[in-house]
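Everything on this sheet refers to the single structure shown next.
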Amino acid sequence: MVQSLSEKKITSEYIAARMRKKTFFARDCRYVAEHILGDILLIKKGRSVLAGKIVETEAYPGKEDDASHAFKGKNTKRTSTLYSQGGVAYVYFIYGKYWCFNIVTGKKGDPQSVFIRALEPVCGMEKMKKLRGTGDMGKLTCGPCRWTQAFAIDRTWSGRPLTSFSACILKQAGKKNNLARGQRIGVDYAEQGREEFLRFYLKDNPFVSKK
DNA sequence: CTCACGATTAGA
DNA sequence: CTAATCGTGAGA
């Protein structure tokens, strides 16, 4: 277990010292997907704080990736956010009831992103349980559409910066990740993309979506 | 306008 | 294992 953020003081100085900057997100999605493992996703609304350790990610390189919404440069009303400068969220609706959350990476015009598949709860667990309608830790935040529900993510998040005091990624200095890599999940429709090893996760972390 | 489908999940 | 469920995007 990571140290609970609520055990520390979440001051703006604390956030400023650890926040991942825009320049970090300007990198290739594979690099970002790997290096944000173990970092903390933090969302503040007034006094309420929700935070989780990132334990599972997938890289979506964009134009050359037949699993990506931006394959061959496809640009629609929904996917236009993917073409932003790295560092904002890309959120979309799926299966009639869920929200999927990505972090846009790379330079403006290059539609890369990192899909966040699972978090380990760190702060605001009671609120998460309420939003999920369950106290079952095994199903609270392990899964791309479970954690977004626990964090009340919806369409209003698409395009929002993840480099602000109310929403950011906190770098965890000195972390020792036991990294694992594999094929992405749920993209069997992509003949090329399904073969590539673009899924990253923390080995043996119980909050990873698949065992 | 119509229609097929999905970067998933809950439940039988 | 399958049903649920509806916004999105492609095509008529």
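Note that these values count all heavy atoms, side chains included, but never hydrogens, waters or copies made by symmetry.
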Sugar-phosphate only, base, or nothing, as touched by A/R132 at under 4.0 Å among non-hydrogen atoms: sugar-phosphate
Check: A/R146/A/T141 side-chain N/O donor and acceptor closer than 3.5 Å: no
Among C/dT8, C/dT5, C/dG9, the nucleotide that comes nearest once only the side chain of A/K77 is considered: C/dG9
Any A/R117 side-chain nitrogen or oxygen under 4.0 Å from OP1 or OP2 of B/dT8: yes
Rounded distance in Å - OH (A/Y92) to P (B/dC5): 17 Å
Whole-Å gap separating C1' (C/dG9) and CZ (A/F71): 16 Å
Sugar-phosphate, base or nothing in reach of A/R184, heavy atoms under 4.0 Å: nothing
Nearest to side-chain heavy atoms of A/Y189, which nucleotide of B/dG6, C/dG9, B/dA10: B/dG6
Name of the residue among A/R18, A/K175, A/K53 meeting salt bridge (charged side-chain N to carboxylate O under 4.0 Å, His left out) with A/D39: A/K175
Involving DNA chain B, stems made of at least three consecutive Watson-Crick or G-U pairs, both distances under 3.5 Å: B:1-6 with C:6-11, B:8-11 with C:1-4
Aromatic ring proximity A/F101/A/W147, centre distance under 6.0 Å: yes
Face-to-face contact A/Y60 to B/dA7 six-ring, under 5.5 Å, under 30°: yes
Contacts of A/R184 that satisfy side-chain hydrogen bond (donor to acceptor under 3.5 Å, both in side chains) - sequence neighbours left out: A/D65
Nearest-nucleotide pick for A/Y98, side chain only, options being B/dT9, B/dA10, B/dG6: B/dT9
Shortest side-chain distance from A/K97, nucleotide among B/dA10, B/dA7, C/dA4: C/dA4
Donor-acceptor side-chain pairing of A/H69 and A/Y60 below 3.5 angstrom: no
Closest to the A/R78 side chain, choosing from B/dT8, C/dG7, C/dG9: C/dG9
Atom pair distance, as rounded to whole Å: CZ in A/F93 and C1' in B/dT8: 12 Å
A/R146 vs B/dA10: side-chain N/O to OP1/OP2 distance below 4.0 Å: yes
Partners passing ring pair (Phe, Tyr, Trp, His ring centres under 6.0 Å) against A/F25 (at least two apart in sequence or in another chain): none
5'-most by nearest nucleotide on DNA chain C - A/T79 or A/G96: A/G96
Distance-only side-chain donor-acceptor flag, A/S84 / A/T81, under 3.5 Å: no
